[in-house]
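Quick notes on the structure that follows.
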Amino acid sequence: MPSVSKTSASLPAGANGRSPVAINVKDVSVTYRTSLEKKPTFKSTVVRLGRRERTMREIEAVKDLSLEIRRGSVIGIMGANGAGKSTLVRTMAGILPPTSGRVEVQGRVSTLLALGVGFDKDLTGRQNVKLGGLAAGLTRDELEEKYDEIVEFAELEEFMDMPMRMYSSGMYGRLGFSVAVTMEPDILLIDEALSVGDARFRKKSAQRMKDLCGGGRTIVLVSHALGTIRDLCDNAIWMHKGELQKQGEPDEVIDAYTAFLEVGEDALTMEDM
C-alpha cells in the first residue's frame, strides 16, 4: 500500500555508530496518468460528428526506487530534465503520494520548491508566512519569534502587508527562501530554488546554505548546478528516466553523469546542466 509517513520524534544514534535514517524511500514508484486528445481529421469529424478521441497515457516518473538518507547528511540529486528529480522530492515532502512503495520521514520538514509553491497570491506576505509556519508545525509563539527574522532576511519589511500577487518573481523567491531556511527544520528539501534575488542576496543565501549544511541538518538538494552540489553536498545521486543510476561521493557521481552526457566539466556545465 503506497504511503508517506512522518514523525517529529528525535532519533537516537544507531547501535553501529552510524546516524539514524532521516528519510527512507522503499521501492517507490510514481506514475502519472494523462489524457492525449487526438485532433480529428475532416473524415473522422464527419463520421463522429466532431467527437474527439481521448487516449490515456501513463508516465513513470519514478520507477521502483529505494534510497536511505541519514540524519545530518547533505545529498544532491542530479539528472537531466524529466529524470524524476522533482517528483522524488515532492514525494519525500508528502506533496505527491507514491503509486507504490513507501516513504518514511523522521523529523520536521521544510520545503523550498519551485517559485511560489505553497504561497497564496491573494493573501499578504504576512499571512502567507504565518500560515506556512503553522503548516510546518510551529506553535504561534515560535512563529512570532521567527517572523521578524524571516522578514529581515528577505528584506521585504515594506511589502509584507501587500497581496503577494503584487510581488515580483525576485520578491517571491526571497520570501520563499527566507521562510524555508528560518524554520529550523530537521529536514530541508530544496528543488532548484537557490538562485533567487540579485547578486547580493544570492551571496547571502549561499552563506546561509553553507551554515545550514554545517549545522547537522538533513538536506536534500535538487540542482542542475553541479558546482553547487560539489561544494555543499557530502553525498549525491544521479537519476535517469525515473531510475537511480549511481550514488556516492559527489565527485564520483558528477564524473559519471558528465561522462554519460558526453560533456566536459567546464564552468558553464558545472553551473547549469
Side-chain polar contacts of residues 150-164 - donor-acceptor pairs under 3.5 angstrom, sequence neighbours left out - could you list them?
{"from": "Glu155", "atom 1": "OE1", "to": "Arg200", "atom 2": "NH2", "distance (Å)": "2.6"}
{"from": "Glu155", "atom 1": "OE2", "to": "Arg200", "atom 2": "NH1", "distance (Å)": "3.0"}
{"from": "Glu155", "atom 1": "OE2", "to": "Arg200", "atom 2": "NH2", "distance (Å)": "3.2"}
{"from": "Glu155", "atom 1": "OE2", "to": "Lys204", "atom 2": "NZ", "distance (Å)": "2.7"}
{"from": "Asp161", "atom 1": "OD1", "to": "Arg126", "atom 2": "NE", "distance (Å)": "2.8"}
{"from": "Asp161", "atom 1": "OD2", "to": "Arg126", "atom 2": "NH2", "distance (Å)": "3.3"}

With rounding to the nearest 0.5 Å, note down the distance linking [atom1] in [X] to [atom2] in [Y].
| X | Y | atom1 | atom2 | result |
| --- | --- | --- | --- | --- |
| Arg230 | Glu249 | CZ | CD | 11.5 Å |
| Arg202 | Met209 | CZ | CE | 15.5 Å |
| Asn128 | Asp122 | CG | CG | 9.5 Å |
| Met239 | Leu67 | CE | CG | 9.0 Å |
| Arg71 | Ile23 | CZ | CD1 | 13.0 Å |
| Ile254 | Met78 | CD1 | CE | 4.5 Å |

Taking Trp238's backbone N and O only, do any of them form a donor-acceptor pair with Lys85's side chain (distance below 3.5 Å, no angle check)? no
Counting only N and O atoms by type, is there a donor-acceptor contact under 3.5 Å from the side chain of Ser110 to the main-chain atoms of Ala180? yes
Please tell me if the side chains of [X] and [Y] come closer than 4.5 Å, counting only heavy atoms from C-beta onward.
| X | Y | result |
| --- | --- | --- |
| Thr99 | Glu60 | no |
| Glu144 | Lys130 | yes |
| Val21 | Gln106 | no |

With under 30° as parallel and over 60° as perpendicular, where do the rings of Tyr167 and Tyr172 fit, or are they tilted in between? perpendicular
Between Asp27 and Ser66, do the side chains contain a donor N or O and an acceptor N or O under 3.5 Å apart? yes
Salt bridge (Lys or Arg N to Asp or Glu O under 4.0 Å), that's the test. Do Arg90 and Asp191 meet it? Break it down for me. CA-CA 9 Å; Arg90 281 162 170 73; Asp191 183 8; 2.6 Å; yes
In this structure, which one of Leu232, Asp234, Leu188 forms a side-chain contact (heavy atoms from CB on, under 4.5 Å) with Ile219? Leu188
